[in-house]
Amino acid sequence: QVQLVESGGGLVQAGGSLRLSCAASGLTFSSKTMGWFRQAPGKEREFVAAIKGTGGSTYYADSVKGRFTISRDNAKNTQYLQMNSLKPEDTAVYYCAAGPHYRTIVNGLFPYESGYDYWGQGTQVTVSS
């Protein structure tokens, strides 16, 4: 049974930082592309960042490039999202996702929900102005 469990969300002032974690179990973690998506109230879920199984390549939405950093520790079956210079528009529920390499990277579906098979329950990030 695959489980993805996010943690690290919370309330922070604009300009502050948070680090999200996603602990995975029940899957071959190092073979999976890991992604972060977010969903703000009244909006569709959107891509934030993704990282290849080997950790060698990372991908970001333009809205977070230069402020957020995705990383992973395959020995701990955990991925991270370091979020700096947070803005009120970053307020959302953040979701962790795992998908196969061929679909996410080879077929280029890493920015789309359809690229991923497994999802966490989400963690709330609220940025106050």
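At a threshold of 4.5 Å between non-hydrogen side-chain atoms, the residues Phe68 and Leu86 count as touching. Annotation: side chain of Ser31 is not in contact with side chain of His101 (no heavy-atom distance under 4.5 Å). By the 4.5 Å heavy-atom criterion applied to side chains, Met83 and Leu81 are counted as neighbours. For the pair Ile70 and Gln79, the minimum side-chain heavy-atom distance is below 4.5 Å. Using a 4.5 Å cut-off on side-chain heavy atoms (C-beta onward), Ser63 and Arg38 make contact. Two residues are said to be in side-chain contact when any heavy atoms from C-beta on lie closer than 4.5 Å; Asp62 and Tyr60 fail this criterion. Counting only heavy atoms from C-beta outward, the side chains of Tyr80 and Asp73 approach each other to under 4.5 Å.
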Evaluate side chain to side chain contact (heavy atoms under 4.5 Å, CB included) for Tyr95 paired with Val93, printing each intermediate quantity in order.
-> CA-CA 7 Å; Tyr95 296 91; Val93 177; 3.5 Å; yes
Before giving the answer on side chain to side chain contact (heavy atoms under 4.5 Å, CB included), spell out for Tyr59 and Ile105 the whole-Å C-alpha distance, their side-chain angles and the decisive distance to 0.1 Å.
-> CA-CA 10 Å; Tyr59 311 87; Ile105 303 302; 3.7 Å; yes
Would you check, one step at a time, whether the test side chain to side chain contact (heavy atoms under 4.5 Å, CB included) holds for Val125 with Leu18?
-> CA-CA 9 Å; Val125 171; Leu18 281 176; 3.9 Å; yes
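The backbone N or O of Thr54 sits nowhere less than 3.5 Å from a side-chain atom of Asn74 that would complete a donor-acceptor pair. Of the possible donor and acceptor atoms, one in the side chain of Glu6 sits under 3.5 Å from a partner among the backbone N and O of Cys96. Judged by distance alone, with hydrogens and angles left aside, the side-chain atoms of Arg72 form a donor-acceptor pair with the main-chain N or O of Phe29 at under 3.5 Å.
Residues Phe47 and Trp36 keep their aromatic ring centres 6.0 Å or farther apart. Taking the ring centroids of Tyr116 and Phe110, they lie at or beyond the 6.0 Å cut-off.
For Thr126 and Gln124, the side-chain atoms include at least one donor-acceptor pair closer than 3.5 Å. No hydrogens or angles considered: a donor-acceptor pair under 3.5 Å links the side chains of Asn84 and Ser17.
Taking NZ of Lys32 as the reference point, atom NZ of Lys52 lies at 15.5 Å (rounded to 0.5 Å).
Summarising the local packing, NZ of Lys65 is surrounded by more than 12 heavy atoms from other residues, nucleotides or ligands at distances under 6.0 Å.
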